[in-house]
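Sequence lines set the chain letters: A, B, ... in the order given, protein chains first and strands last, and positions in each chain run from 1. All of these numbers come straight from a predicted model, not from anything done at the bench.
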Amino acid sequence: MRRSCSTKCRAETRRDGGSWNAMLTAYSRNGKTEEALDLFAVMIGEGVSASEVTFANVLASCGSKLDVWLSRQVHSLVAKYGFSGNVILESSIVDVYGKCGAMIDARRMFDEIEYPNVVSWNVIVRRYLEFGEGNEAVGMFSRMLRLNLKPMNYTVSNAILACSSFGGLTEGVQIHGFCCKINMDRDGVVSNTLIDMYAKCGDLESARTIFDLPCSKNVISYTSMVSACAISGRMSEARELFDEMPEWTVISWNVMLAGYTRTSDWEKALEFLILMRRSTRDVDHVTLGLFLNICAAIPDMNLGKQVHRYAYRHGFCSNVFVGNALLDMYGKCGNLIGTRNCFSTMSHSRDEVSWNVLLTSFARRGMSEQAMLVFSEMLGEAQPSKFTFGTMLAACANIFALDTGKQIHAFMISHGYDIDVVMTGALVDMYSKCRNIAYATRVFNGASRKDVNSMILGCLHNGMSGRVFELLDAMEEEGVRPDHNTFRGALRACVCNGRVELGAKLFESMSENYYLLPHLEDYESMIELYGENGLMDELEAFLKKLPFEPTAAMLIKVFDFSRKYKWLKLGEWAADRLNELNPSVPFLFQIVDDE
DNA sequence: ATAGGGTTAG
């Protein structure tokens, strides 16, 4: 390649920088990165004077090559050829370093620019945003404003995007105010980004207000708004907006589909997929990933296999999202061989999520030993994350592997992993299932945000149900909102301790004050609570108010309690129901024994 | 240059 370049150029009559640059530009604009860089090397070698245009093209090529060492070399050549102080080239160097993920170098270059222009500022904001440092991006943006520079709409848009990336609603509102001040709030790109920012920060009303302004409706603002409703679970609102959209893209379809899967409405999701297939030929890797999530959740492996075949035929299997969704689908359908096979074929395109899915698939089926093996294999290739540890701790809990569990706990502490609510819960769960309630308590007490439910279950698991009431009191004191699992555990504790009145009060309060519909288990607990304490009047009244037909298990309990406390009428009632459920064996249940 | 997706848990 190098030879052909130089031959070609030698044949030319004029070999000044101009024709070299023309070629360089052609290569670089057409994505011929290697060719452009080779040509540049020849240029330098032959002593052709490199101009601003030369470096602009070479830097563009460096940016697509994502090679930080190469970028540093070109950076030094820019200085050597006397272009220090050229704001365009220096901004380009900031850009290239940023693209390579070398934000320290990017920032150093930026700070060296004597008079950064609006493009320089845009580049630094954008790169911080892409690097995942939204805070820093917003910080640079406000520095720009303090210098009284007027940002481009793209820069404003990037700064707003940065706010959404870390949930900075306060900062977002301030930028919105600034946009109004300089009359940029009606700019198409800016207003769409604002809608998206408000939506992602959970302020749907503000998003809607901007969306409803005249002239701000297009596919993108519609899609943002639909997405906002969909991620907040407001699917009927999302659907209404979707139906009135002027046109649809594959993204708008995917947004709706994601909404249905997020709300676990698998039926509607499938229905929507059928509608989608009938309306458009557009299907991409996101659609397929979501489709596989649905197959995994139902679960329907045959459907999943059809999607797999489709993905294979259309070349989507090399996409890591599709690959991971496939792993998950096979795992959730219980086909661990399928998961393993997929995982092996993904050897060139797998990431830490793939490993986590593989781990979870084994752990979910109680195959903790295999999960442990996968974990040690994983350490050689990928970084474990909180997901990894969560799964591993659950696997330890299942096989009472206290020592391994402790090692994982120690590993997390020594490597500075953040131990959040979920991790605290997983640790408490592991320690209490391994019957080490002392450690479970220590983890629980030391946590800043506590997962009370796991501690309640731990106490119940270790025969310390009395402590559940202390936990409930502490919860109330700290204003922590109980959820379904809290009540389930609390009711179990009432059963264990004969706390009938408290149980009844909790059961009432569950739907009255917390709008939580009791589950079957909660009704069972109440039946046990009344029955075991011989409160047959209350039991009878409770059964009369049941909003559904009692289950066989409930009836058997009622039958047994009635026998014990000689509550014949209720016992006969239960026996009749049970006999109706078992017509093949008449009179299996009799409250008065035949003599 | 502004819109979408995956892995932890009772």
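- Residue pairs meeting the salt bridge (charged side-chain N to carboxylate O under 4.0 Å, His left out) criterion with at least one partner in residues 193-203 of chain A, sequence neighbours excluded, are A/D196-A/K200.
- Scanning both residues, A/F291 and A/L270, for their nearest heavy atoms gives CE2-CD2, 4.0 Å.
- Looking at A/D451, its side chain comes within 3.5 Å of the base of B/dG10 through a donor and an acceptor atom.
- A/D429 comes within contact range of no nucleotide atom at all, as no heavy-atom separation falls under 4.0 Å.
- The aromatic rings of A/Y523 and A/F507 sit perpendicular, their planes meeting at an angle over 60°, well past the 30° parallel limit.
- Of the residues in residues 230-239 of chain A, none has a non-hydrogen atom less than 4.0 angstrom from any atom of DNA chain B.
- For A/K386 and A/D418, the salt-bridge test fails: no basic side-chain N is under 4.0 Å from an acidic carboxylate O.
- Closest to the side chain of A/V286, from the set B/dA9, B/dA3, B/dG5, is B/dG5.
- Atom CZ in A/F375 sits about 20 Å away from atom P in B/dT7, given to the nearest Å.
- Distances from the side chain of A/K332 to the nucleotides B/dA9, B/dA3, B/dT7 place B/dT7 closest.
- The distance from atom CG of A/L471 to atom P of B/dG10 is 20 Å, rounded to the nearest whole Å.
- Side-chain atoms of A/N319 come within donor-acceptor range of the base of B/dG5, with a qualifying N/O pair under 3.5 Å.
- Of all heavy-atom pairs spanning A/N485 and A/N453, the tightest one is CB-ND2, 3.6 Å.
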For this session: Quick one: do A/R492 and A/E528 satisfy salt bridge (charged side-chain N to carboxylate O under 4.0 Å, His left out)? Show the steps, please.
Result: CA-CA 9 Å; A/R492 288 317 305 166; A/E528 271 179 67; 3.3 Å; yes
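- What separates CZ of A/R364 from C1' of B/dT8 is a distance of 11 Å, to the nearest Å.
- Pairs engaging residues 149-163 of chain A under the salt bridge (charged side-chain N to carboxylate O under 4.0 Å, His left out) rule: none recorded [sequence neighbours left out].
- A distance cut-off of 5.5 Å between ring centres, combined with a plane angle under 30°, places A/Y154 in a stacking arrangement with the base of B/dA1.
- Nucleic acid contact for A/R262: sugar-phosphate only, since backbone atoms but no base atoms lie under 4.0 Å from a heavy atom of the residue.
- As judged by a 4.0 angstrom heavy-atom cut-off over every strand, A/R126 is placed among residues touching the sugar-phosphate backbone only.
- Across all strands, A/V255 comes closer than 4.0 Å only to sugar-phosphate atoms, never to a base (heavy-atom distances).
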Tabulate below the donor-acceptor pairs under 3.5 Å that side-chain atoms of residues 357-369 of chain A make, not counting sequence neighbours, or state none.
unit_1: A/T360; atom_1: OG1; unit_2: A/N356; atom_2: O; d: 2.6
unit_1: A/S361; atom_1: OG; unit_2: A/V357; atom_2: O; d: 2.7
unit_1: A/S368; atom_1: OG; unit_2: A/A395; atom_2: O; d: 3.0

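- Comparing atom distances between the A/K200 side chain and each of B/dA3, B/dA9, B/dG10 picks out B/dA3 as nearest.
- Atom CG of A/N356 is separated from atom P of B/dT7 by 11 Å (rounded to the nearest Å).
- Of the candidates B/dT7, B/dT2, B/dA1, the closest approach to any side-chain atom of A/M152 belongs to B/dA1.
- Of the residues in residues 184-195 of chain A, A/G188, A/V189, A/N192, A/T193 come within less than 4.0 Å of DNA chain B through at least one heavy atom, sorted by number.
- Atom OH in A/Y222 sits about 19 Å away from atom P in B/dA3, given to the nearest Å.
- In this structure, CG of A/L241 is placed 14 Å from C1' of B/dA3, rounded to the nearest angstrom.
- A tilted orientation is assigned to the rings of A/F316 and A/H285, their planes being inclined by 30° to 60°.
- Note on residues 188-218 of chain A: pairs passing ring-ring contact (aromatic ring centres under 6.0 Å, His included), not counting sequence neighbours, are A/H176-A/Y198, A/F211-A/Y222.
- Atom-to-atom, CG of A/L257 to C1' of B/dA3 comes out at 15 Å; the value is rounded to the nearest Å.
- In this structure, A/T261 reaches neither bases nor backbone, as no heavy-atom distance under 4.0 Å exists between it and the strands shown.
- Counting non-hydrogen atoms under 4.0 angstrom, A/D284 reaches a base of the nucleic acid.
- Of all nucleotides listed (B/dA1, B/dA3, B/dT7), B/dT7 comes nearest to the side chain of A/V357.
- No donor-acceptor pair under 3.5 Å is formed between the side chain of A/N462 and the backbone N or O of A/M464.
- Between A/L327 atom CG and B/dT7 atom C1' the separation is 10 Å, expressed in whole Å.
- Between B/dT8, B/dA3, B/dG5, one nucleotide has an atom nearer to the side chain of A/I220 than all others, and that is B/dA3.
- The residue A/N122 sits close to a base: some heavy atom pair falls under 4.0 Å.
- Note on A/D483: nothing from the nucleic acid sits closer than 4.0 angstrom, heavy atoms only.
- Distance from the side chain of A/I251 is smallest to B/dA3 among B/dA1, B/dG5, B/dA3.
- Using a 4.0 Å heavy-atom distance criterion, A/S454 is classed as a base contact.
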